[in-house]
Amino acid sequence: MSAALKDVDKLTEAEAASELERLAKEIAKHDKAYYAKDAPTISDALYDELRQRNSDIEVRFPDLKRSDSPSDRVGAAPSEQFSEVQHAVPMLSLGNAFNDDDVADFVERIKRFLNLTETPKLTAEPKIDGLSANLRYEKGVLVTGATRGDGRAGENVTANLKTISDIPHTIEGAPDVLEVRGEVYMSHEDFAGLNKRQEEIGKPAYKNPRNAAAGSLRQIDPKVTAQRPLRFFAYAWGELSEPLSDTQWGAVQRLKELGFVINDDMALCDSVEALISHYRGLEAKRAQLGYDIDGVVYKVDRLDLQDRLGFVARAPRWAIAHKFPAEKATTVLRDIDIQVGRTGALTPVAKLEPVTVGGVVVSNATLHNEDEIARKDVRIGDTVVIQRAGDVIPQIVEVVKEKRPADSQPFVFPDTCPICDSHAVREPGEAVKRCTGGLICNAQIVERLKHFVARKTFDIEGMGEKQIAAFFHEGAVRSPADIFTLKARNEAGELTPPIAEREGWGPTSARNLFAAIDERRSMPLARFINAMGIRHVGEETARLLATSYGSWEAFRAAAEAAGDPESPEREALLSIDGLGETVVRSIAEFFAESHNAEALDALLKEVMPQDAEQASSDSPVAGKTVVFTGALERFTRDEAKAKAQSLGAKVAGSVSGKTDYLVAGPGAGSKLKKATELGVTTLTEDEWLQLIGG
Ligand code: IVH
């Protein structure tokens, strides 16, 4: 390492940040040379030194750890190396259950949704800790193999998947189109062998079998993958030209008959107790299985019931992953930071001596709120037990009191905002303290701006949390509209130095940033509403509002009028199924605030919200407002609502002039009367089913 480099101990925060940036780039460059081109340009010792320096800086400045930190990456090939494959049927994720009660709740929800009195049969099988893949066979021939990616599109790794001996290249007697899904994984034994070989040839070891499987599957050269001992369990399917079976169990058996390896530890259960007992059995033999599993997946067996249950967001209602308990570790609490959120909430964050938990280095943990700190009596300097379950933020479980330093003091939660010094107050019944600084609190403004450019809102490439915070602190971006005038102001010489001449920027990245900003001058209504950062209005509510009002003008007019408690607009908002008093009040308050109105007006000069697309515009009920009432007999209310919404209809809780259909079951009362008075079309359950073709 060059002698000019400063000791890590002596780096200032700013120096550390720029060092980490430089190291991330440099290590990525060497990784590419090493893994992708198999042509390293520096010695291994020098390479190790770079990594060591990077991790030393991260240990000293855990907050500065980058999202692209080399510490989180072990030799995976860059993804632009593979072409993209659109999945014909999205590859979903699973909801989680962490204890027996969660499992009972899951089964109850299913029964309620389907209005069943008996527990339907469910399968229970190990949740393999690998990475999922989709294998597409056409007329019995494997044509594409892809990783899950973001669920909609993955990477084309066909050649690599073909090197796995568990994966047949051709199959007989299969449907013309057959997509088989399952998990690519590596056994413990093979993992140990691979790491031994890696060591012998001076290459870095993989952290765990899952990383090894992922790194091996994503090799540029299939010959390298071929030398990696990967395996594949089939457990699901995507597009099919004809069904495999009418049950989950049957379909998986059929996959076995077609030549796939299925997991032997799959059971068919008919009660919550049976599910839990299979789970306990697997937990007990987990260490002897020879490969990593991180829980047990339960799936409703009958495929027609799976169909009726459908999906919420990106996970099926008919399946859940019952996770094994979180991994724990002990470390020292160095400090408690108070972070200020977008709505002023003060959140305590534990700053920990970095420690590895389940293969991941943890240096921050959540402490939730003031009461939580008091309840656990967590003090700075304490030795604490932390746990990490799945991808959730690590938590502090308990304090090891015996190791408490003699001079420790109870933590005093501040009464003022650490950023703007305004009073922090706790509303009665609330667990969080909030900064009252609102519009003058820089922390809140920055958090709102971060939310505005986040992935689920404006998603501006090149304008992440770090960049927007920097633009804010120099005064270049104070409100969302400023983002869109950045280019003009930059060209007019109002920003010094010009963006292209700044550290971390160049002419190309500046040009790309402006292009990315311009691409966002038109924005789907739901994202636009979500981006505004109204308290209690997140992604889901924003989507509901967008599909209910269709256009920005209609939504804004309603939201502004809703300030009047007697207004029909307020009633209409409340009648949207899924919106309650709290949300509606929060929307009205947001629009009543003149500063918000001004910021919006400025933004609307730059950005055009697009009218909302209906979820399914070719269905006969798309865009229609439906109310269900009475004792429904053909389906449960939840099921009816989910189905209607999936067809693009809006489901309202009460009848108004805007109602298109009232679907009335036996015993319908006041709503039916009101609908008749208003001349709303009333349907029986059968008529409704006929209308939607179901
Ligand atoms: S079923 C619609 N079964 O878990 C449900 N997933 O959290 C599709 N996984 O991405 C998944 N073992 O990588 C299913 N026996 C199993 C599984 C399994 C592991 C993984 C899979 C998926 C993730 C979902």
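Residues: numbered from 1 along the sequence shown. Keep in mind that the numbers below use all heavy atoms, side chains included, and drop hydrogens, waters and symmetry copies. Note that ligands are numbered from 1 as they come in the structure, with each ligand's atoms numbered from 1 the same way.
Listed by first then second residue, pairs satisfying ring-ring contact (aromatic ring centres under 6.0 Å, His included) with a partner in residues 261-286 read Tyr279-His322, Tyr279-Phe324, not counting sequence neighbours. Legend: ring-ring contact (aromatic ring centres under 6.0 Å, His included) pairs involving residues 106-125, not counting sequence neighbours: none detected.
The contact shell of ligand 1, taken as protein residues with any non-hydrogen atom closer than 4.0 angstrom, comprises Ser93, Leu94, Glu125, Pro126, Lys127, Ile128, Ser132, Arg148, Glu183, Tyr235, Val297, Lys299, Pro316, Trp318.
Atom OH of Tyr291 is separated from atom CZ of Arg231 by 10.0 Å, given to the nearest 0.5 angstrom.
Put simply, the side chain of Gln395 does not reach to within 4.5 Å of the side chain of Glu372, judged on heavy atoms.
For the salt bridge (charged side-chain N to carboxylate O under 4.0 Å, His left out) test, no residue two or more places apart in sequence or in another chain qualifies with Arg109.
Checked options Val300, Leu122, Asp301; the residue passing with Gln248 is Asp301 (criterion: side-chain contact (heavy atoms from CB on, under 4.5 Å)).
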